[in-house]
Amino acid sequence: MDLLEIAVAAPLENTLTYRLPPNLLNTELCQEPLVGRRVLVPLGRRKVTGYVLATGMEDSKEFKIKNISEILDAAPLFPENLIPLFRWISEYYHYPIGEVIKSALPGGLTPKSARQLQAGSASGEKLQDILRSIALGTGEGKDHRDVESYLLKLSQNGKLTSAETKEIFKSKKVKKYIDSLVADGVLEMHESVSGGTSKEKHEICYSLTAEPAGLEGLPGSGKDAISIYRARLNRQNNLSLGVAEAKTMYYLELLRGNSEKGAVPRKELLASYSGAGKQLQSLIASGMVVEERRRVFRSPLGEQLEFFPAPEVLTEEQQAALAEIVPAVEKGGYSPFLLHGVTGSGKTEVYLQATAVTLSLGKSVLVIVPEIALATQLETHFISRFGENVVLLHSGLTAGEKFDQWSLVVSGEARIVIGARSAIFAPFKDLGLIVVDEEHDGGLKQDDKLRYNGRDLAVVRARQQQCTVLLASATPSVVSYYNAQIGKYNLLTMKNRVGNRPLPKVNIIDLRQKARGGKKSIFRPPLQKALVDNLERGKQSVIFINRRGFSVNVICQECGTPVECVDCHVSLTLHRSKQQLLCHYCGYSVHERTVCENCSSTSMVPVGFGTERVEEELRALVPEARIARLDADTAFDRKVFLETLKKTRAGEIDILVGTQMVAKGHHFPGVTLVGVVWADAGLSIPDYRAAERTFQLVTQVTGRAGRGDDPGEVYIQTMRPDHYALLYARGHRYEELVERELELRRNPKFPPYVRMVAIHIHGESEDRVVDSAMKVAQVCKALLQQPLPGSSAQGSRDANNTLGSAEVLGPAPSPIDRVKKKYRWQVMIKTESLNILHGICNYIHQHQNELAARDCRLLLDVDPENMM
Ligand code: ADP
Ligand code: ZN
Ligand code: ZN
């Protein structure tokens with residue numbers, strides 16, 4: 001019982017065993033289950049955060065088992081049922097288990113110890129001697145000039161910071177010397193724990209002990225209210241309260257009316273009557289008032305939300321979908337669905353109804369969305385229907401808010417979580433339903449550190465916890481649709497919009513045809529005319545462009561050289577409103593008036609266009625229109641962002657310009673016209689999903705039109721009017737797109753017919769990156785020549801490094817081959833066999849230090865989304 005399995009928040013492959021020492025074992029802290037709590041454990045010379053995964057481990061004869069230093073939580077932070085998910089993720093994505101858990105939990109919960117060098121308690125003189133001899137360059141000091149500044153600081157401040165301490169130990173020679181000073185007692189090493197910044201928030205509240213006798217309500221708020229109140233209070237209770245005391249009581253009573261439980265936060269009381277502070281002590285002493293400390297939950301729902309009533313009747317298709325989902329939820333057990341519902345078919349209502357059923361069974365619901373923007377919209381619907389049961393989890397929250405929301409889920413107070421991909425870790429004990437909205441969206445994939453796909457994890461978690469999972473989209477990913485075709489998911493289809501509204505009519509405009517005469521405009525005549533007409537009819541329009549900023553890049557008019565980022569191999573984008581050229585990868589910026597690096601010319605011109613430029617041209621085209629822009633630059637401020645969405649819904653905006661932010665999910669009933677400025681921007685990206693993505697984006701943005709009473713119309717401008725992705729999007733022919741894509745991905749093979757993993761090699765030295773990449777590719781190829789341990793799927797070999805079913809591509813520079821000063825190369829593996837894939841990944845992961853040069857980083861991306 002006292003031996004625990006601990007995952008430490010450090011890059012270790014395996015979990016470790018620690019002992020719970022008797023002094024901790026017998027404390028009150030150990031009443032609650034230990035699994036799911038954080039502890040502080042020794043690791044090497046430090047102390048780090050660990051997570052308890054199991055109790056009752058076997059004793060080991062080989063290793064000395066160390067003691068746990070401290071138990072950090074009074075109750076579990078996550079339920080036991082999440083542990084299999086953590087283990088699965090660690091194995092599948094080849095990521096250390098402790099770090100998986102660390103990234104699953106809200107931030108600021110990972111304290112660890114750091115060492116700090118201090119001056120010894122009785123060493124003042126000795127330190128001065130050493131400093132003197134360094135200054136003179138004689139005796140002991142003559143070899144130790146390099147530590148002078150540190151020793152000086154030690155003698156002045158008595159200690160170094162932990163960062164300085166770390167720095168000083170970097171050099172072997174210095175370390176040896178400092179160690180000897182520690183041994184002599186001149187210096188001392190101390191350990192301090194820091195980093196656990198997220199804490200429960202409490203506030204001090206006051207309430208009245210008992211109803212003061214005979215007081216029926218407050219005597220109004222007139223001028224004499226307080227003196228009337230005081231007289232009554234004193235007379236009926238036999239007291240002799242002073243004016244200030246009575247006034248304090250008065251405000252306590254007044255304010256407790258508004259607060260549940262009758263307790264008034266100190267802050268609130270003092271805001272109403274600043275003199276109350278002095279009176280409270282005597283009122284407490286006389287037993288009239290009690291003080292208590294109460295936990296408060298910081299709420300991210302600052303703004304007043306709109307209310308959406310439930311519809312009176314469901315559409316036939318909604319009923320049909322629910323007729324399959326509801327029994328599955330009621331029955332329990334793993335039950336995966338893919339809901340393909342066209343834009344405006346009322347998918348949200350399906351989620352809401354399925355949620356109501358799940359809650360009625362006493363189970364919880366998790367809703368995952370690709371973007372915070374969509375969380376906001378769904379949240380409004382869910383709160384309208386389910387009120388305080390709803391909790392939000394996403395990156396837009398502060399660490400404190402996230403911790404509080406998390407705690408509400410752990411305690412079972414919140415039964416519905418809506419959030420971005422990381423919400424997949426929501427600590428529910430009793431999940432009944434997981435919904436993934438816009439399941440095709442790349443935003444569900446995390447492309448940093450722990451690289452996971454929230455949609456895939458939803459399916460894994462549903463299987464582990466035996467519940468229903470509903471993946472939904474108007475344009476499901478080809479892979480998910482294939483899974484439905486082969487029976488892995490149950491397919492549900494909603495082909496019609498609510499109220500039988502027609503899908504919008506889509507027109508394609510060929511950009512290759514030169515605009516005749518006149519000034520060249522971003523908007524071709526048919527789109528211009530449609531915009532003007534729509535405005536005259538008092539209708540709203542959405543204009544979509546896949547790029548923020550003013551231009552795509554800026555080139556020299558003399559020699560054609562584009563302005564590039566100094567740290568990344570990408571061209572800079574002009575942001576005219578900031579007068580800057582900006583790197584979208586690292587944020588590097590220069591003034592817009594820059595000089596050609598090649599020929600020093602000053603005539604630089606913007607080419608291509610982004611949201612800013614589109615907005616500018618729109619203002620010139622229709623000066624009377626109310627125009628708003630939504631992109632990463634304007635949505636930076638969440639308030640502004642929410643305001644713009646609200647205004648658009650309310651019809652206070654005539655034309656909304658934006659990036660994919662305007663394309664996804666939103667329901668703007670007044671929008672009848674959608675224009676896509678340049679639809680094929682994404683088609684030339686070196687990614688096997690370029691066509692799929694373009695189709696999805698165009699369909700999604702198209703789907704914003706005609707959701708209200710009036711039919712919608714769409715204009716798509718493109719240089720490739722014959723491309724199948726656009727033709728299928730025009731005809732709303734989703735199934736045909738899938739068929740075409742599946743055909744193309746059979747040869748050469750791409751998902752869903754193979755699994756892929758991208759091995760990235762990043763580093764500042766180009767030579768060493770290339771070297772490491774070569775080594776990795778070589779090892780991968782060599783591994784395929786020999787039977788892999790545990791791999792069953794062995795095919796015959798042929799000349800192309802394939803083992804029947806595995807293929808190594810590369811090494812090659814990544815499409816964007818330098819970002820933030822780092823060169824980037826990659827090796828891709830494609831295989832039908834998960835065994836082979838994981839066999840190779842395991843080997844690479846375990847041997848990364850030999851394969852990658854010291855200053856290179858090796859990253860594994862299983863099922864990569866982003867090929868850049
Ligand atoms: P989707 O997510 O499928 O694009 P939404 O869920 O946003 O579509 O629904 C589109 C609109 O139809 C919303 O305004 C929603 O309130 C409304 N709606 C949904 N179901 C019904 C129904 N059964 N009756 C009337 N209106 C409905
Ligand atoms: Zn030039
Ligand atoms: Zn850059």
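We use all heavy atoms of the structure for the numbers below, so side chains are in, but hydrogens, waters and symmetry mates are not. We count ligands from 1, going down the list as the structure has it; atoms in each ligand are counted the same way.
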Undergrad: Heavy atoms, side chains only, cut-off 4.5 Å: are Lys495 and Ser345 in contact?
TA: no
Undergrad: Hey, is atom 20 (N) of ligand 1 touched by any protein heavy atom at less than 4.0 Å?
TA: yes
Undergrad: For ligand 1, note which part of Met494 has a heavy atom under 4.0 Å away: side chain, backbone, both or neither.
TA: neither
Undergrad: Test your reading of the structure: does Gly346 have an N or O sitting under 3.5 Å from an N or O of ligand 1?
TA: yes
Undergrad: May I ask you to check if ligand 1 and Val313 share an N or O to N or O distance below 3.5 Å?
TA: yes
Undergrad: Looking at residues at least two apart in the chain, or sitting in another chain, which of them share a ring-ring contact (aromatic ring centres under 6.0 Å, His included) with His760?
TA: His762
Undergrad: How does Lys347 reach ligand 1, if at all, at less than 4.0 Å between non-hydrogen atoms: by side chain, backbone, both, or neither?
TA: both
Undergrad: Applying ring-ring contact (aromatic ring centres under 6.0 Å, His included), can you list everything that pairs with Phe609, at least two apart in sequence or on another chain?
TA: none
Undergrad: Looking at ligand 1, would Gly344 count as a contact under a 4.0 Å heavy-atom criterion?
TA: yes
Undergrad: For ligand 1, which atoms sit closer than 4.0 Å to a heavy atom of Thr348?
TA: 2 (O), 5 (P), 6 (O), 7 (O)
Undergrad: Are the side chains of Asp687 and Arg693 in contact, using a 4.5 Å heavy-atom criterion?
TA: yes
Undergrad: Please could you name the atoms of ligand 1 that Pro311 approaches to less than 4.0 Å, counting only its heavy atoms?
TA: 21 (C), 22 (C), 23 (N), 24 (N), 25 (C)
Undergrad: Does Asp437 have a non-hydrogen atom less than 4.0 Å from ligand 1?
TA: no
Undergrad: Have a look at Asp437 and tell me which of Leu471, Val369, Leu470 forms a side-chain contact (heavy atoms from CB on, under 4.5 Å) with it.
TA: Val369
Undergrad: Does a sphere of radius 6.0 Å around NZ in Lys820 hold more than 12 heavy atoms from other residues, nucleotides or ligands, not counting ones at 6.0 Å or beyond?
TA: no
Undergrad: Count the heavy atoms belonging to other residues, nucleotides or ligands that lie under 6.0 Å from NE2 of His569, then report whether that count exceeds 12.
TA: no
Undergrad: Considering the heavy atoms of Arg707, write down every atom of ligand 1 situated less than 4.0 Å from one of them.
TA: 1 (P), 4 (O), 5 (P), 7 (O), 8 (O), 10 (C)
Undergrad: Show the atoms of ligand 1 that are less than 4.0 angstrom away from any heavy atom in Thr315.
TA: 23 (N)
Undergrad: Test your reading of the model: is there a side-chain donor-acceptor pair from Asn490 to the backbone of Phe337, 3.5 Å cut-off?
TA: no
Undergrad: Compute both the distance and the angle, then confirm whether Arg649 meets the cation-pi test with Phe668: under 6.0 Å from the six-membered ring centre, within 45 degrees of the axis.
TA: no
Undergrad: So which protein N/O/S atoms does the Zn ion (ligand 3) have within less than 2.8 Å?
TA: Cys565 SG, Cys568 SG, Cys583 SG, Cys586 SG
Undergrad: Do protein heavy atoms approach atom 10 (C) of ligand 1 to less than 4.0 Å?
TA: yes
Undergrad: Can you list the protein N, O or S atoms less than 2.8 Å from the Zn ion (ligand 2)?
TA: Cys556 SG, Cys559 SG, Cys596 SG, Cys599 SG
